[in-house]
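Have a look at the structure below, then the notes.
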There are 2 protein chains.
Amino acid sequence: MTEPRPRPQAGEVSVAELTSTLEEFTRMFIRLPKVQRLSFTTLSVLHTLAGRGPQRLTALAAGEQVSQPAITQMVTKLQHEGLVERRPDPSDSRAVLVHITPAGRAIVEGRRADRIAHLTELTGRLTPEEWAPIVAALPALRRLVELDRQLEQEKRS
Amino acid sequence: MTEPRPRPQAGEVSVAELTSTLEEFTRMFIRLPKVQRLSFTTLSVLHTLAGRGPQRLTALAAGEQVSQPAITQMVTKLQHEGLVERRPDPSDSRAVLVHITPAGRAIVEGRRADRIAHLTELTGRLTPEEWAPIVAALPALRRLVELDRQLEQEKRS
DNA sequence: GTTCCTTATATAAGTTGCTTATGCAGATGC
DNA sequence: GCATCTGCATAAGCAACTTATATAAGGAAC
């Protein structure tokens with residue numbers, strides 16, 4: 001508690017408020033009608049592949065916090081459904097690069113469309129005075145996500 | 001990085017950006033070391049009970065988007081672990097009200113503490129110019145969560 | 001290049017958490 | 001008072017995870 005902090009105490013309170021607000025928000029945001037019998041983790045993998053390009057199985061396992069065999073099994077299933085492809089990694093012949101297919105990308109984009117529709121309905125009920133600060137916070141929120149990835153990189157080394 | 005001039009329909013673009021930003025944010029936010037063999041849905045139920053008070057099994061099932069037997073089984077397990085209690089509903093003797101115990105609440109608060117620690121580390125790396133807009137957006141974000149609950153109420157009737 | 005350790009993936013077997021189907025008891029409507 | 005609905009429990013099956021282990025390629029050391 002007496003550890004030196006780069007921020008005065010008021011910031012601490014705000015972080016706590018940010019946390020609980022985001023806990024609520026996250027729960028609302030995740031809750032979506034189940035799509036095509038795909039599990040939560042599966043959808044997250046598709047999202048990762050769509051957003052960050054082809055990945056190794058081990059990278060996916062680490063990112064999703066599940067075991068490597070779980071990813072192997074999931075990718076096998078997704079492959080049979082035509083949502084991803086396994087391709088050899090030219091730089092390492094033990095490894096596999098999982099690529100998303102157009103059909104897989106369509107699922108990710110469909111879900112995003114659902115969320116956009118949902119948020120459009122909600123934000124449409126905000127006054128301009130409420131809406132403006134959310135838009136203003138977007139770059140900083142993206143920066144937080146970026147910092148999180150950096151932090152994880154640092155911890156891995 | 002060059003933003004177009006603010007136009008009347010600029011909100012549409014912002015909602016899409018908000019959606020993708022929150023998709024990323026959500027994935028970062030959820031990823032937490034596994035606590036005490038409790039599943040994602042289980043933790044969500046504990047969070048609901050801690051935040052909104054005692055609930056019926058059917059209400060929990062609806063809120064978590066899982067089947068009623070799934071909640072019955074989960075609550076039975078949580079009861080044996082001392083994290084929740086089943087009490088009769090005085091207004092309906094078929095029904096059960098699930099109450100969270102102090103031990104259950106401790107788990108929810110522990111996870112919040114972990115998230116606060118994580119976000120404290122991240123936000124500590126932000127400049128004050130980046131941090132301020134996030135704090136400024138908090139009331140509006142809470143308002144969005146509130147609107148979501150209203151909307152769900154309306155749809156239920 | 002041979003040996004040894006590490007890394008990337010696959011397979012096997014078991015466990016857990018969900019599902020649908022069904023039953024029962026109390027509430028509700030006429 | 002009877003029929004129907006609602007809230008919960010139980011049973012059986014399935015899907016998605018787990019740990020343990022196997023296989024094969026990469027990399028370092030000598």
Side-chain angles (χ1 to χ4, degrees), chain A residues 30-49 53-81 83-99 104 107 156-157, chain B residues 30-49 53-81 83-99 104 107 156-157:
Chain A
I30 286 176
R31 217 184 303 150
L32 263 189
K34 308 227 162 165
V35 179
Q36 207 176 322
R37 307 239 170 238
L38 298 175
S39 76
F40 179 75
T41 309
T42 301
L43 290 166
S44 185
V45 164
L46 288 177
H47 185 109
T48 301
L49 293 175
Q55 303 276 325
R56 291 191 180 176
L57 292 175
T58 43
L60 289 174
E64 306 299 333
Q65 309 239 14
V66 295
S67 67
Q68 170 264 313
I71 296 290
T72 293
Q73 293 163 8
M74 175 196 304
V75 165
T76 301
K77 206 181 136 214
L78 287 176
Q79 201 173 12
H80 290 146
E81 292 169 355
L83 302 180
V84 305
E85 285 176 4
R86 254 184 248 250
R87 298 194 199 160
D89 183 342
S91 74
D92 186 338
S93 59
R94 297 168 302 175
V96 163
L97 282 179
V98 184
H99 291 245
I107 288 184
R156 228 188 293 282
S157 52
Chain B
I30 286 176
R31 216 185 305 149
L32 263 189
K34 309 229 162 162
V35 180
Q36 207 176 325
R37 306 237 170 240
L38 297 175
S39 77
F40 179 74
T41 309
T42 301
L43 289 166
S44 184
V45 165
L46 288 177
H47 185 107
T48 300
L49 293 175
Q55 303 277 325
R56 290 193 182 175
L57 292 176
T58 43
L60 289 174
E64 306 299 335
Q65 309 237 13
V66 296
S67 66
Q68 170 264 310
I71 296 289
T72 293
Q73 294 163 6
M74 176 196 303
V75 165
T76 301
K77 206 181 136 212
L78 287 176
Q79 202 173 11
H80 290 146
E81 293 169 353
L83 302 179
V84 304
E85 285 176 3
R86 255 184 248 249
R87 297 193 200 161
D89 182 341
S91 74
D92 186 338
S93 58
R94 296 169 302 176
V96 163
L97 282 178
V98 184
H99 292 245
I107 287 184
R156 227 189 293 282
S157 54

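All values below were derived from every heavy atom in this structure, side-chain atoms included, with hydrogens, water molecules and symmetry-related copies excluded. Proteins get letters first, then strands, A, B, ... in listed order; numbering begins at 1 in each. Please read all numbers here as calculations on a predicted model, not as lab measurements.
Atom CD in A/Q65 sits roughly 20 Å away from atom P in D/dA16 (whole-Å rounding). We find that CE of B/M74 is positioned 13 Å from C1' of C/dT19, with the value rounded to whole Å. Residue A/Q55 contributes atom CD, which lies 11 Å from atom P of C/dT9 at whole-angstrom precision. Distance, B/L60 CG to C/dC18 P: 13 Å, rounded to whole Å. Remark: P of C/dT16 and CD of B/E81 are 11 Å apart, rounded to the nearest angstrom. The CG-C1' distance, from A/L57 to C/dT7, rounds to 13 Å in whole Å. Atom CG of B/L38 is separated from atom P of C/dC18 by 11 Å (rounded to the nearest Å). The CG atom of B/L78 sits 12 Å away from the C1' atom of C/dG17 (whole-angstrom rounding).
Across all strands shown, B/T76 has no heavy atoms under 4.0 Å from either base or sugar-phosphate atoms. Looking at heavy-atom distances under 4.0 Å, A/A70 makes contact with a base.
Using a 4.5 Å heavy-atom cutoff, the side chains of B/T42 and B/K77 are not in contact. When side chains are defined from C-beta on, B/M74 does not count as touching B/V66, because their heavy atoms never get closer than 4.5 Å. Inter-residue side-chain proximity for B/Q65 and B/T41 is flagged as unmet; no heavy-atom pair is nearer than 4.5 Å. Side-chain contact between B/V45 and B/Q55: absent, with no pair of heavy atoms (C-beta onward) separated by less than 4.5 Å. Contact check for A/Q68 versus A/I71: no side-chain heavy atoms found under the 4.5 Å cut-off. A heavy-atom distance below 4.5 Å is found between the side chains of A/L97 and A/R56.
Along DNA chain C, the nucleotide nearest A/T58 and the nucleotide nearest A/R37 are compared for position; the residue whose nucleotide lies closer to the 5' end is A/T58. When each of A/A95 and B/I71 is assigned the nucleotide of DNA chain C with its nearest heavy atom, A/A95 is the one assigned upstream, toward the 5' end. Where A/T42 and A/S91 each meet DNA chain D at their nearest nucleotide, the meeting point lying more 5' is that of A/T42.
Proximity of A/R94 to the phosphate of D/dA24: no side-chain N or O atom is located under 4.0 Å from OP1 or OP2. In terms of phosphate contacts, B/T41 brings a side-chain nitrogen or oxygen within less than 4.0 Å of OP1 or OP2 of C/dC18. The side chain of B/K77 places an N or O atom within less than 4.0 Å of a non-bridging phosphate oxygen (OP1 or OP2) of C/dG17. Regarding contacts with the backbone of C/dA10, a side-chain N or O of A/T72 is found under 4.0 angstrom from either OP1 or OP2.
Taking each heavy atom of A/T72 and A/R86 in turn, the nearest pair found is O-NH2, 3.6 Å.
Across D/dT19, C/dC18, D/dG7, the shortest atom-to-atom separation from the side chain of A/S67 is found for D/dT19. With D/dC17, D/dA25, C/dT19 as the choices, the nucleotide that has an atom nearest any side-chain atom of A/S93 turns out to be D/dA25. The side chain of B/D92 approaches C/dG26 more closely than any other nucleotide in the set C/dG26, C/dC18, C/dA12. Distance from the side chain of B/P69 is smallest for C/dT20 among the nucleotides C/dT20, C/dC18, D/dC8. Considering only the side chain of B/Q73, D/dA11 comes nearest among D/dA11, D/dA9, D/dC17.
End-to-end axis angle of the helix from C/dG1-D/dC30 to C/dC30-D/dG1, from C1' rotation axes over five pairs per end: 40° (rounded to 10 degrees).
One cannot find a donor-acceptor pair under 3.5 Å joining the base of C/dA8 and the side-chain atoms of A/Q68.
Side chain of B/S44 to main chain of B/F40: no donor-acceptor pair is present (N/O by atom type, distance under 3.5 Å, no hydrogens or angles).
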